[in-house]
Amino acid sequence: MAIKTIIEPFKIKSVEPIRWTTRADREKLLRQAHYNLFQVPARDILIDLLTDSGTGAMSTAQWAAMMEGDESYAGSSSFDRFRRGVQDIFGYRHVIPTHQGRAAERILFGVMCKKGDVVPNNSHFDTTRANIEFVGAEAADLLIPEGYEPANRHPFKGNMDVAALEQLIARVGRERIPLVMLTITNNSGGGQPVSMENAKAVRDVCRRHEIPLYFDACRFAENAYFIKLREKGYERKTPKEIAKEMFALGDGCTMSAKKDGLANIGGFLCTNDDQLAQQEKDLLILTEGYPTYGGLAGRDLEAIAVGLGEALEEDYLRYRITSTAYLGNHIAGQGVPIVQPPGGHAIYLDARAFLPHIAPQQFPGVALAAELYLEGGIRSVEIGTLMFGDAAHMDLVRLAIPRRVYTQSHIDYVIEVMLEVWRQRERIHGLRLTHEAPFLRHFTARLEPL
Ligand code: F0G
């Protein structure tokens, strides 16, 4: 008989204590933070599900590789290993290291976009949208309609609406669309995957109109594993084979190595276009660093080169996807409304359904995140009206799971806290803004309860 229990595929060599606070402490801390969890010091958080970005635990192999870091300014051997590691999976001709994903975005859009352009995506993440808008271009979300329905169990809710893409190109003209992007997995829409079939259909449209296709590849390994689990014809392929097949459809990518690079910092920009690569490297030198380190230490490049391979290991991905689903299925089983099916890196609570008595203008997602902190010291993040303003289609609260960090008993604790908040949901109030920045306002916004 085959053993069915799925365990964490690692043992723990180094531990980091976490600190308890009382409810009274947390009430005070939250007031001081103006009800914005970004403003709460990490030492006052018990379980930190703010993000899966840069918060993962590195492996012994990664730490060992870091000791090989070549810190030469130019032409370091760490860069050679990094480039080989990236190209082995992504396959693009040029690999440009950056300090994280948004630096790759800024350089890509700075070189490819101008005022009046439109950049379609399944769903732009906040930094992607902000970097496009920063150069005066428009960020268009073209997610399939199912992607906006939290309860809909479509297996590939990250897919792009291909007909909508055709219509957009017909409406604004090919000249105004410098590139099309696909975000794998779709973070803003619930960590949902994009199917190979959809990526191919998007690629076909792009080919026909001679528009380059770029991937926002942050969680490419999780996306590949979902394809293996859910898409016909991929059951026997390895996650690496699937990832390679997907990237071969595109002309380049942006990547935050803080996610499926299993590193604490880093990113890169890839392209097959020699001329663009030259312009991108020129811009890189101006703000990030020389093209063989791009704002990273040689040891960071080493950690990423090893991490990308580990993120594609099947034991790891099985544990990763199963443990995220464990949280989602346990709370959904008790009636808590979540984006279905559970995503790869996070569970997203549907705050509008959780708190139907709070209007979107009163930030139901922020209110719910505040309550999870008060009840159990859990930090989550709103992805909704505070983050996206009127462009928000949903009000979600994301519980992002750091990679290889928390055990099942931590997650059992989160489930217990969540169910307590669910029982008391009618007592939760909305909030109003008292301060906001001109862009990416969610990081620094101040709020007060109504
Ligand atoms: N694209 C996606 C889909 C992302 O999720 C992120 C980051 C980025 C780009 C930017 O990468 O942070 O390295 O500059 N997402 C993090 C998150 C911050 O919490 O989801 P970065």
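Fair warning: this is a prediction, and the values are worked out from it, not measured in the lab. Indexing begins at 1, ligand by ligand and atom by atom, following the structure's order.
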**Request:** With salt bridge (Lys or Arg N to Asp or Glu O under 4.0 Å) as the test, would you mind laying out the steps for Glu310 and Arg404 before giving the verdict?
**Result:** CA-CA 11 Å; Glu310 290 182 359; Arg404 308 190 289 206; 2.9 Å; yes

**Asked** In ligand 1, which numbered atoms sit nearer than 4.0 Å to a non-hydrogen atom of Thr183?
**Response** 3 (C)

**Request:** Determine, using ring centers only, whether Phe134 and Phe109 are less than 6.0 Å apart.
**Result:** no

**Asked** Do ligand 1 and Arg398 have nitrogen or oxygen atoms that lie under 3.5 Å from each other?
**Response** yes

**Prompt:** Quick one: nearest non-hydrogen protein atom to atom 21 (P) of ligand 1, plus distance?
**Reply:** Gln100 NE2, 3.3 Å

**Asked** Tell me, which protein residue and heavy-atom name are nearest atom 12 (O) of ligand 1, and how many Å apart are they?
**Response** Arg102 NH2, 2.9 Å

**Request:** Take the angle between the ring planes of Tyr326 and His330 and call it parallel below 30°, perpendicular above 60°, tilted in between.
**Result:** tilted

**Asked** At the 4.0 Å heavy-atom cut-off, does Cys218 count as touching ligand 1?
**Response** yes

**Asked** Counting from 1, what ligand 1 atoms have a heavy atom of Arg219 closer than 4.0 Å?
**Response** 3 (C), 4 (C), 5 (O), 17 (C), 20 (O)

**Prompt:** atom 4 (C) of ligand 1: which protein heavy atom is closest, and how many Å away?
**Reply:** Phe125 CD2, 3.4 Å

**Item:** Test side-chain contact (heavy atoms from CB on, under 4.5 Å) applied to Gln39 and His34, step by step
**Value:** CA-CA 8 Å; Gln39 306 291 324; His34 301 279; over 6 Å; no

**Asked** Taking the non-hydrogen atoms of His345, is any one of them nearer than 4.0 angstrom to ligand 1?
**Response** no

**Prompt:** Does Gln279 reach the main-chain N or O of Val111 with its side chain, forming a donor-acceptor pair under 3.5 Å?
**Reply:** no

**Item:** Phe90 and Phe215 aromatic centres sub-6.0 Å
**Value:** no

**Complete:** The side chain to side chain contact (heavy atoms under 4.5 Å, CB included) partner of Asn122 among Ile144, Val202, Leu142, Asn186 is Asn186

**Request:** Check each atom of ligand 1 against the heavy atoms of Gly101 and keep those under 4.0 Å away; list them by number with element.
**Result:** 11 (O), 13 (O), 14 (O), 21 (P)

**Atom indices of ligand 1, in the order listed, that fall short of 4.0 Å to a heavy atom of Lys258** = 13 (O)

**Fill in**
Near Glu105 (heavy-atom distance under 4.0 Å), the atoms of ligand 1 are 1 (N), 8 (C), 9 (C), 10 (C)

**Item:** Pair Phe268 and Phe82, ring centroids less than 6.0 Å apart
**Value:** yes

**Side-chain donor or acceptor of Asp141 paired with backbone N/O of Leu143 under 3.5 Å** = no

**Residue, atom name and distance, where the atom is the protein heavy atom closest to atom 1 (N) of ligand 1** = Asp216 OD2, 2.7 Å

**Prompt:** Is the backbone of Pro155 close enough, under 3.5 Å, to the side chain of Arg230 for a donor and an acceptor to pair up by distance?
**Reply:** yes

**Prompt:** How close does the nearest protein non-hydrogen atom get to atom 5 (O) of ligand 1, and which residue and atom is it?
**Reply:** Asn187 ND2, 2.7 Å

**Item:** Identity and separation of the nearest protein heavy atom to atom 7 (C) of ligand 1
**Value:** Lys259 NZ, 2.6 Å

**Complete:** shortest atom 13 (O) of ligand 1-to-protein heavy-atom contact is with Ser256 OG, 2.7 Å

**Complete:** Within 4.0 Å of some non-hydrogen atom of Thr127, the atoms of ligand 1 are 8 (C), 9 (C), 10 (C)

**Asked** Which is it for His99 and ligand 1 at heavy atoms under 4.0 Å: side chain, backbone, both or neither?
**Response** neither

**Prompt:** Between Phe247 and Phe220, is the ring centre distance below 6.0 Å?
**Reply:** yes

